[in-house]
J.: 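Quick one: this structure, given as structure tokens, is what I'll be asking you about.
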There are 2 protein chains.
Amino acid sequence: MSRLAKERYAVMIEKLKRSGLKSTPQRLAIMRVLSENKEHPSVEAINKRLQKKFPGISQATVYRNIMLIKSLGEVLEIGFAGGGSRYDGRKPYSHPHVVCLECGKIIDPELASLRDMTREIAAGSGFEIKSFRLDFFGLCPACRNRK
Amino acid sequence: MSRLAKERYAVMIEKLKRSGLKSTPQRLAIMRVLSENKEHPSVEAINKRLQKKFPGISQATVYRNIMLIKSLGEVLEIGFAGGGSRYDGRKPYSHPHVVCLECGKIIDPELASLRDMTREIAAGSGFEIKSFRLDFFGLCPACRNRK
DNA sequence: TCGCAATTGATAATCATTATCAATTATGAA
DNA sequence: TTCATAATTGATAATGATTATCAATTGCGA
Ligand SMILES: [Mn+2]
Ligand SMILES: [Mn+2]
Ligand SMILES: [Zn+2]
Ligand SMILES: [Zn+2]
């Protein structure tokens, strides 16, 4: 468990306690996975990962706890229209993503030119901006070669 | 029907004929709505608009034809995870949107600082970028005042 | 005008997510 | 430590947007 993962996990635990909710083994395990997994896992992936330690853990429990952690503001949901959300528990705030159309891989890219975009939008539209979603879709290096 | 709408409609008709598909009244009407409606209408909104001219037009027909027009590359689908896509038949290519969290209004903002983002992402990630999705979420002027 | 593939309308199926509910469990008070 | 009880879990039903199915209808070329 990396330093960042430990920190993220600690913050989640902290918020959990502060809100008076229970620390069940399943819940803590889900938080741990979200804290350390860099691959923007799906509910299915998280469930699969937990089967080793919690044989028979319910899909519903994973959904429920992710929902809860999201309500605590500690995980970013990247939902897609076709169904199948992906989650980022390491950076629970708006940030850009690059998605591979072939294999579904998702990465967090650097993007310096993002700086003043929100400000520009707010000024131009009169909207009060709360969050954003920026996805780039394409083919990852591996899938490009495979063609 | 504005000049732009007429042009968009003409392009859709053109592609439809070139692909050997039939020009049914329902299909043409759906294309017309997509060409002229600036509000990023939903399937439900399109269906509602068409009830006047085609009482009893099937929801399935609207879905099917939007799917078809999308496959022709003539409408942009803005799908949301919670279900309920919105469509832009005036600008059928990747462009940013500003979405009101309160009333669902969607507008096409100006965004000069968008310029070299795709290039920067491609260079930094090694991905071959095909499209992007950029949404800003917030409160529109009307909904801000209403609070 | 005909013949038929394409299209429509009605409806069932799908699939991720959410709700329901009885059984289990974490937690704090006694 | 034992208890009381509200929270949580696991199993499963319900939901809602989308997609598939299929018989009846229709656009369009021969
Ligand atoms: Mn991320
Ligand atoms: Mn638009
Ligand atoms: Zn890939
Ligand atoms: Zn609004």
J.: Taking CZ from Arg86(A) and C1' from dA16(C), how many angstroms apart are they, rounded to a whole number?
T.: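 Spelled out: CZ on Arg86(A) to C1' on dA16(C) is 15 Å.
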J.: On DNA chain D, nearest-nucleotide positions of Pro25(B) versus Ile57(A): which is more 5'?
T.: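 On the 5' side of the pair lies Ile57(A).
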J.: Examine dT19(D): is either OP1 or OP2 under 4.0 Å from a nitrogen or oxygen in the side chain of Gln59(B)? Give yes or no.
T.: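 So the side chain of Gln59(B) is outside the cut-off, no N or O lying under 4.0 Å from OP1 or OP2 of dT19(D).
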J.: Could you label the plane-to-plane angle of the Phe132(B) and Phe136(A) rings as parallel, tilted or perpendicular, counting under 30° as parallel and over 60° as perpendicular?
T.: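 Taking Phe136(A) first and then Phe132(B), their aromatic rings sit tilted (interplane angle of 30° to 60°).
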J.: By nearest heavy atom, map Ala81(B) and Ser23(B) onto DNA chain C; which one lands nearer the 5' end?
T.: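 It is Ser23(B), whose closest nucleotide lies nearer the 5' terminus.
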J.: Does Glu14(A) CD have over 12 foreign heavy atoms under 6.0 Å away?
T.: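 Yes, CD of Glu14(A) has more than 12 neighbouring heavy atoms, counting only those of other groups under 6.0 Å.
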J.: Under 4.5 Å between side-chain heavy atoms, counting indirect links through other Ile/Leu/Val/Met/Phe/Trp/Tyr residues: same cluster for Tyr9(B) and Leu50(B) or not?
T.: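 Yes, because Tyr9(B) and Leu50(B) connect within a single hydrophobic cluster, where side-chain heavy atoms sit under 4.5 Å apart.
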J.: Within less than 4.0 Å of OP1 or OP2 of dT26(D), is there a side-chain N or O belonging to Thr24(B)?
T.: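 It does not, given that no N or O in the side chain of Thr24(B) lies less than 4.0 Å from OP1 or OP2 of dT26(D).
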J.: Can you tell which of dG10(D), dT11(C), dT8(C) lies closest to the side chain of Ala60(B)?
T.: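 That would be dT11(C).
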J.: Tell me the interatomic distance from Glu77(A), atom CD, to dA16(C), atom P, rounded to whole angstroms.
T.: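 So the two atoms are 14 Å apart, to the nearest Å.
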J.: Whole angstroms only, please: what is the CE-P distance between Met67(B) and dT21(D)?
T.: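 After rounding, the gap between these two atoms is 12 Å.
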J.: Atom CG of Leu68(B) to atom P of dG27(D): distance rounded to whole Å?
T.: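 Rounding to the nearest Å, CG of Leu68(B) and P of dG27(D) are 16 Å apart.
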J.: Any donor-acceptor pair under 3.5 Å between the side chain of Arg27(B) and the base of dG27(D)?
T.: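 Donor-acceptor pair under 3.5 Å: no.
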J.: Think Tyr63(A) has a side-chain N or O under 4.0 angstrom from the OP1 or OP2 of dT18(C)?
T.: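 For Tyr63(A), the contact criterion (side-chain N or O under 4.0 Å from OP1 or OP2 of dT18(C)) is not met.
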J.: Any Lys/Arg nitrogen of Arg32(B) or Glu36(B) sitting under 4.0 Å from an Asp/Glu carboxylate oxygen of the other?
T.: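 Looking at Arg32(B) and Glu36(B), the cut-off is not met.
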J.: If I take atom CD1 in residue Ile66(B) and atom C1' in nucleotide dT18(D), what distance separates them, rounded to the nearest angstrom?
T.: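 Interatomic distance, CD1 of Ile66(B) to C1' of dT18(D): 12 Å.
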J.: I need the CG-P distance between Leu16(A) and dT27(C), as an integer number of Å.
T.: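 Those two atoms, CG and P, are 9 Å apart.
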J.: Which of these nucleotides, dA7(D), dG27(D), dT8(C), is closest to any side-chain atom of Lys22(A)?
T.: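 Among dA7(D), dG27(D), dT8(C), the one nearest the side chain of Lys22(A) is dA7(D).
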J.: For dA16(C), take OP1 and OP2 only and decide whether either is under 4.0 Å from a side-chain N or O of Ser85(A).
T.: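 No, because none of the side-chain N or O atoms of Ser85(A) sits under 4.0 Å from OP1 or OP2 of dA16(C).
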J.: Could you check how far CG of Leu21(A) sits from C1' of dT27(C), rounded to whole Å?
T.: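 After rounding, the reported distance stands at 12 Å.
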J.: Nearest to the side chain of Asn65(B), heavy atoms from C-beta on, is which of dC28(D), dA20(D), dT8(C)?
T.: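 From the listed options, dT8(C) comes nearest.
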J.: Relative to the ring of His97(A), is the ring of His40(A) parallel (under 30°), tilted (30 to 60°) or perpendicular (over 60°)?
T.: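 If you compare the ring of His40(A) with that of His97(A), the planes turn out perpendicular.
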J.: Think Thr61(B) has a side-chain N or O under 4.0 angstrom from the OP1 or OP2 of dG9(C)?
T.: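 Result: yes.
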J.: What integer distance in Å separates Phe80(A):CZ from dT18(D):P?
T.: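 That distance rounds to 17 Å.
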